[in-house]
Amino acid sequence: MNYWLVKSEPDVYSYERLESEGTTRWDGVRNYMARNNLRAMKTGDLCLYYHSNIGLAVVGIARVSREHYPDPTAESGDWSAVDLVPLKKFSRHVTLAEIKAHPAMQQLLLVRNPRISVMPVTPDEFSTLLAMGETTL
DNA sequence: GCCAACGTTGGC
DNA sequence: GCCAACGTTGGC
């Protein structure tokens, strides 16, 4: 089991919309590092769901329901998509400001490289973030 | 293969 | 809305 964090602007595709639709194709990634992370995802892996631009917080957890396949929205190039389903909404949003202030979160790529949209998260970081969100699986 | 210029992302 | 940081592109 691996852990990840994915970013989405909530006015483009929010966690609430994922919940109401039940599943989504995570496509449109056009960054090689993020793509390689998508390709490393296995079915059942868990993804923290972060709202960028508006909200600036981790709001829930999604689960990988289909491993990577060619991104149908890519007109050229070698890009991949995965499918995600909602797993659990955080009882409490964990804001970027809190994450930045937390000593155990200083290595998180969200803090160190804010521009990558799909990133790995260690099991320790994952469980700490879950606790910060007052959420259990 | 280097590097400058440009475009995009995303926090503030 | 601005701007910093980063990734990508393209000329040399």
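Lettering follows sequence order; numbering is per chain, from 1. If you're wondering where the values come from, they're calculated on a predicted model, not measured in any experiment. Any value given below was found using the heavy atoms of this structure, including those in side chains, with hydrogens, waters and symmetry copies removed.
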- request: Check the distance between C:dA5's P and A:R112's CZ and give it to me in whole angstrom.
  value: 16 Å
- request: Figure out the CG/C1' separation between A:L110 and B:dT9, and round it to whole Å.
  value: 13 Å
task: May I ask you to check whether A:T73 and A:D71 show a side-chain donor-acceptor distance below 3.5 Å?
output: yes
- prompt: Which listed nucleotide (C:dC6, B:dG11, C:dT8) is nearest to the side chain of A:Y32?
  reply: C:dT8
- prompt: CD of A:E9 versus P of B:dT8: gap in Å, rounded?
  reply: 13 Å
message: Under a 3.5 Å cutoff, is there a donor and acceptor pairing between the side chains of A:T95 and A:E98?
response: yes
- request: Tell me what A:L56 touches on the nucleic acid: a base, only sugar-phosphate, or nothing, going by heavy atoms under 4.0 Å.
  value: sugar-phosphate
query: Do A:W79 and A:Y69 have ring centroids that are under 6.0 Å from one another?
result: no
query: Is any side-chain heavy atom of A:Y49 less than 4.5 Å from a side-chain heavy atom of A:S8?
result: yes
query: Just how far, in rounded Å, is P of B:dG11 from CZ of A:R115?
result: 11 Å
message: From the set B:dG10, C:dT8, B:dG11, return the single nucleotide nearest to any side-chain atom of A:L96.
response: B:dG11
- prompt: Is any side-chain nitrogen or oxygen of A:Y50 closer than 4.0 Å to OP1 or OP2 of B:dT9?
  reply: no
field: Rounded interatomic separation in angstrom, taking CH2 from A:W79 and P from C:dG7
entry: 13 Å
message: Rounded to whole Å, how long is the line connecting atom CZ of A:R35 with atom P of C:dG7?
response: 15 Å
- request: Determine, stepwise, if the pair A:S117 / A:R30 fulfils side-chain hydrogen bond (donor to acceptor under 3.5 Å, both in side chains).
  value: CA-CA 10 Å; A:S117 60; A:R30 298 293 182 269; over 6 Å; no
statement: Separation of C:dC6 atom C1' from A:K7 atom NZ, nearest Å, is 11 Å
message: What is the separation between atom CD1 on A:I116 and atom C1' on B:dG10, rounded to the nearest whole Å?
response: 14 Å
message: As a test of reading the structure: which of C:dG7, C:dA5, B:dG11 is closest to the side chain of A:M33, going by heavy atoms?
response: C:dG7
task: Just compare C:dA5, C:dG7, B:dG10 and give me whichever is closest to any side-chain atom of A:N113.
output: C:dG7
